[in-house]
Amino acid sequence: MVMSWLKVSDAFKAPVGSPVTIKGWVRTNRDSKADGGLCFVAVSDGTCFDPIQCVVKAAGNNATTNFPDVQKLTTGCAVEVDGTLVASQGKGQSVEVLASAVRILGLVEHPDSYPVSNKRHTFEYLREVAHLRVRTNTFGAVARVRHCLSMAVHRFFHERGFFYVHTPIVTASDCEGAGQMFRVSTLDMMNPPRVAPEDAKPGAPVDPAAPVDFSNDFFGKEAHLTVSGQLNVETYCCALSRVYTFGPTFRAENSNTSRHLAEFWMIEPEIAFANLQVDSELAEDFIKYLTKTVLDERPDDMKFFDERIEPGLLKRLQHVLETPFRRLPYTEAIKILEDAIKKGKKFEYPVKWGTDLQSEHERFLTEEHFKQPVILMNYPKNIKAFYMRLNDPGTDGAPGDTVAAMDVLVPAIGEIIGGSQREERLDVLDRRIEEMRLPAKEYWWYRDLRRYGTVPHAGFGLGFERAMMFLTGMQNIRDVIPFPRAPKQAEF
RNA sequence: UCCCCGAUAGCUCAAUGGUAGAGCGACCGGCUGUUAACCGGUAGGUUCUAGGUUCGAGUCCUAGUCGGGGAGCCA
């Protein structure tokens with residue numbers, strides 16, 4: 001592909017004196033009567049944080065023929081500018097484009113009501129104009145960082161010999177057990193087929209109270225959008241050794257928080273022949289790799305986040321890079337929390353071995369007590385999923401059964417990674433399925449992995465948007481994904 | 001889903017139950033190698049929706065819708 005114009009990001013790197021053509025959208029336009037009339041048109045094409053300033057003259061050698069039209073350009077107009085890259089006479093930019101011609105590609109038809117006019121806007125408002133918010137400093141930066149991180153995810157795993165597995169979006173097994181699911185169906189919702197009693201005569205009236213007959217549905221059984229690629233990716237792990245999946249994930253939970261989406265992206269690596277310790281090391285390396293990459297590759301955007309979104313962000317991330325994550329058994333964490341209570345710390349919810357930690361407890365550990373990312377390990381069996389590997393009795397001096405699970409907690413966001421070593425022993429797995437009253441039949445292929453050459457293996461899930469929040473300082477998850485899907489929110 | 005708070009100009013917000021206001025943005029003009037520009041002026045309103053109380057409701061009451069913060073569920 002040959003393009004005759006220059007990206008703004010490249011224009012900034014071109015030698016002074018270069019002839020350039022740039023194309024983009026007007027960010028700001030100021031004019032002046034000096035030098036017989038000139039306009040300063042800042043143009044952004046989204047390729048980097050800064051727009052480039054184009055100086056357009058009404059008189060002299062570089063006079064443009066349509067100067068009065070250029071004067072009228074407002075924020076959002078699309079333009080194409082020919083000119084020369086010159087050292088800037090003004091402060092605030094090192095180089096600028098001295099324009100020889102400005103072609104107006106698209107005007108803003110009602111500048112008085114342009115939704116992203118040149119002024120401060122709240123994130124709540126910008127969410128209502130998600131199709132235009134990416135033209136702002138913040139959302140442009142978010143979009144570039146998001147891309148940078150997506151690439152880094154693949155590079156991290158590729159460099160370590162992991163294979164990228166496309167796990168299915170639609171799942172016909174109702175056994176993933178990670179929350180409410182969205183149904184996928186082609187049945188007539190108003191009049192679905194019903195299961196007829198065995199002794200029903202042909203043509204008998206349908207019983208509207210009878211269960212829906214999904215054998216007539218598209219997949220011949222109930223189907224849903226996936227809540228996790230883990231079970232599928234485990235199968236590839238048990239053949240390719242190191243694999244990961246990175247795709248959209250769906251939860252139909254009625255969650256109304258700044259940390260939850262109905263549609264989000266999740267990264268799930270799975271490693272064969274590995275235990276929880278190896279799993280946690282991978283998780284730590286991964287988070288540090290993402291952190292380093294975004295600092296190295298998007299310094300312009302990260303500087304903006306540090307200045308305008310979360311003062312101190314860069315310092316915080318530097319600290320993350322330099323400090324080993326704190327590893328801590330759940331049982332130990334309970335002791336720390338109990339000690340804190342003895343010393344006068346007040347929690348809304350009680351702390352008790354065997355119960356799940358509340359948000360406030362996790363935040364205390366990562367934000368107040370350790371002030372750094374913390375990996376909690378070996379949780380009580382009863383609060384974790386069936387597929388997590390049962391530890392030997394007495395692990396960490398725990399008073400009850402634990403499983404080889406881990407949560408990576410980070411300040412401000414809380415849980416960013418959840419993972420575990422998987423139960424590779426068929427008899428133990430079967431006992432767990434039975435204890436939790438899960439439909440054993442549905443797990444036939446998952447159980448097969450334990451019947452045919454079972455191996456220890458482990459993996460985790462990283463919420464991509466939560467990583468975005470952690471690395472940009474953005475406080476609402478709906479602002480780190482282009483078009484957020486949440487309860488009552490699916491516009492665009 | 002639960003608790004708390006909110007909805008007024010394009011945006012951010014004011015307005016004791018008694019004439020609907022400012023800043024920014026937009027538009028017009030002035031000044032200026034400008035850059036969160038500055039100075040002067042103009043336009044811009046079914047006060048979220050539906051009921052109710054009242055001589056009179058942006059303001060009080062009820063219900064709903066949407067948004068925010070916190071909690072739960074989790075990534």
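Throughout, a chain's letter reflects where its sequence line sits, starting with A, and its residues are numbered from 1.
Residue-level contact check: Asn476(A) touches the backbone only, with heavy atoms under 4.0 Å from sugar-phosphate atoms and none from bases. The residue Arg308(A) sits apart from the nucleic acid: no heavy atom pair falls under 4.0 Å. Among the heavy atoms of the strands, none lies under 4.0 Å from Thr75(A). Within the 4.0 angstrom heavy-atom criterion, base atoms lie near Gln93(A). Residue Glu96(A) is classed as a base contact, given a heavy-atom separation below 4.0 Å to a base. Residue contacts for Asn118(A): at a heavy-atom cut-off of 4.0 Å it reaches the sugar-phosphate backbone alone, with no base atom in range. Looking at heavy-atom distances under 4.0 Å, Phe250(A) makes no contact with the nucleic acid at all. Using a 4.0 Å heavy-atom distance criterion, Ile417(A) is classed as a sugar-phosphate-only contact.
Of the C1' atoms belonging to rA37(B) and rC31(B), the separation is 11 Å, rounded to the nearest Å. rU54(B) and rU59(B) are spaced 16 Å apart, taking the P atom of each and rounding to whole Å. Across the P atoms, rG45(B) and rG18(B) are found 24 Å apart, a figure rounded to whole Å. Between rG58(B) and rA14(B), the two C1' atoms lie 12 Å apart (nearest whole Å). For the P atom pair drawn from rG25(B) and rU19(B), the interatomic distance equals 30 Å after rounding to whole Å.
For Gln358(A), no side-chain nitrogen or oxygen approaches OP1 or OP2 of rA71(B) to under 4.0 Å. At rG68(B), one or more side-chain N or O atoms of Arg127(A) fall inside 4.0 Å of OP1 or OP2 (strictly under the cut-off). Phosphate proximity of rG72(B) to Ser359(A): present, with a side-chain N or O under 4.0 Å from OP1 or OP2.
Rounded to whole angstrom, the span from the CG atom of Leu107(A) across to the P atom of rA26(B) amounts to 15 Å. A straight line from CG of Asp31(A) to P of rC38(B) spans 15 Å, rounded to a whole angstrom. One atom, CG of Leu357(A), and another, P of rG72(B), lie 11 Å apart when rounded to the nearest Å. Atom CZ in Phe40(A) sits about 16 Å away from atom P in rC38(B), given to the nearest Å. Computed from coordinates, the Phe286(A) CZ to rA75(B) P distance equals 15 Å when rounded to whole Å. In this structure, the NZ atom of Lys384(A) is 12 Å from the C1' atom of rC73(B), given to the nearest Å. Atom pair Arg27(A):CZ and rA37(B):P shows a separation of 13 Å (rounding to whole Å applied). Following rounding to the nearest Å, Asn256(A) (CG) and rC3(B) (C1') show an atom-to-atom distance of 13 Å.
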N/O donor-acceptor pairs under 3.5 Å from side chains in residues 101-112 of chain A, not counting sequence neighbours:
residue   : atom : partner  : partner atom : Å
Arg103(A) : NE   : Glu80(A) : OE2          : 3.3
Arg103(A) : NH1  : Asp82(A) : OD2          : 2.9
Arg103(A) : NH2  : Glu80(A) : OE2          : 2.9
Arg103(A) : NH2  : Asp82(A) : OD1          : 3.1
Arg103(A) : NH2  : Asp82(A) : OD2          : 3.1

For residues 460-467 of chain A, tabulate all N or O donor-acceptor pairs below 3.5 Å that involve a side-chain atom, not counting sequence neighbours.
residue   : atom : partner   : partner atom : Å
Glu465(A) : OE1  : Trp265(A) : N            : 3.0
Glu465(A) : OE2  : Arg146(A) : NH1          : 3.0
Glu465(A) : OE2  : Arg146(A) : NH2          : 2.9
Arg466(A) : NE   : Arg259(A) : O            : 3.2
Arg466(A) : NH1  : Glu415(A) : O            : 3.0
Arg466(A) : NH2  : Arg259(A) : O            : 3.0
Arg466(A) : NH2  : His260(A) : NE2          : 3.4

Would you tabulate the side-chain donor-acceptor contacts of residues 349-358 of chain A under 3.5 Å, counting partners in other chains and residues two or more places apart, or write 'none'?
residue   : atom : partner   : partner atom : Å
Trp353(A) : NE1  : Thr331(A) : OG1          : 3.0
Thr355(A) : OG1  : Lys352(A) : O            : 2.8

*asked:* Return a single string for nucleotides 42-50 of chain B, one symbol per nucleotide in 5' to 3' order, where B is base contact, S is sugar-phosphate-only contact and - is none, cutoff 4.0 angstrom on heavy atoms.
replied: ---------

*Reading nucleotides 8-15 of chain B 5' to 3', which nucleotides get B (base under 4.0 Å from a protein heavy atom), which S (sugar-phosphate only), which -?*
--BBS---

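Scanning for side chain to side chain donor-acceptor pair (under 3.5 Å) contacts around Glu96(A) gives Gln53(A), Ser88(A), with sequence neighbours left out. Take Glu124(A) and apply the salt bridge (Lys or Arg N to Asp or Glu O under 4.0 Å) test, not counting sequence neighbours, and it matches no residue. Listed by chain and number, the residues in a salt bridge (Lys or Arg N to Asp or Glu O under 4.0 Å) with Arg363(A) are Glu367(A) (sequence neighbours excluded). Under the side chain to side chain donor-acceptor pair (under 3.5 Å) criterion, Asn29(A) pairs with no residue, sequence neighbours left out.
Between His154(A) and Tyr244(A), a ring centre-to-centre spacing shorter than 6.0 Å is recorded. Aromatic ring centres of Phe157(A) and Phe246(A) lie farther apart than the 6.0 Å criterion allows.
Nearest-nucleotide assignment on RNA chain B puts the 5′-proximal partner with Asn254(A), out of Glu362(A) and Asn254(A). Take the nearest nucleotide of RNA chain B for Ala34(A) and for His110(A): the residue whose nucleotide is more 5' is His110(A).
The Lys33(A) side chain lies nearest to rU32(B) when the options are rG67(B), rA37(B), rU32(B). Taking the side chain of Asp356(A) as heavy atoms from C-beta on, and the options rG33(B), rC74(B), rA75(B), the nearest nucleotide is rC74(B). With rA71(B), rA75(B), rC27(B) as the choices, the nucleotide that has an atom nearest any side-chain atom of Phe264(A) turns out to be rA75(B).
If you check distances only, the side chain of Gln53(A) does reach the base of rU34(B) with a donor-acceptor pair under 3.5 Å. Judged by distance alone with a 3.5 Å cut-off, a donor-acceptor contact links the side chain of Arg466(A) to the base of rC74(B). Ser255(A) contributes a side-chain N or O that forms a donor-acceptor pair with the base of rC73(B) under 3.5 Å.
For the 3.5 Å distance criterion, the side chains of Glu234(A) and Tyr387(A) fail to qualify, holding no donor opposite an acceptor. Asn378(A) and Thr402(A) share no side-chain donor-acceptor pair at under 3.5 Å.
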*Evaluate the criterion ring pair (Phe, Tyr, Trp, His ring centres under 6.0 Å) for residue pair Phe156(A) and Phe162(A); output intermediate values, then yes/no.*
CA-CA 9 Å; Phe156(A) 175 85; Phe162(A) 284 66; 7.3 Å; no

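A salt bridge (charged side-chain N to carboxylate O under 4.0 Å, His left out) check over residues 481-492 of chain A, counting only residues at least two apart or in different chains, returns nothing. Pairs of residues two or more places apart, or lying in two chains, that qualify as side chain to side chain donor-acceptor pair (under 3.5 Å) and include a residue from residues 132-144 of chain A are Arg27(A)-Asn137(A), Tyr114(A)-Arg135(A), Arg133(A)-Asp479(A), Arg144(A)-Asp301(A).
In RNA chain B, the stems built from three or more successive Watson-Crick or G-U pairs (distances below 3.5 Å) are B:1-7 with B:65-71, B:10-13 with B:21-24, B:26-30 with B:38-42, B:48-52 with B:60-64.
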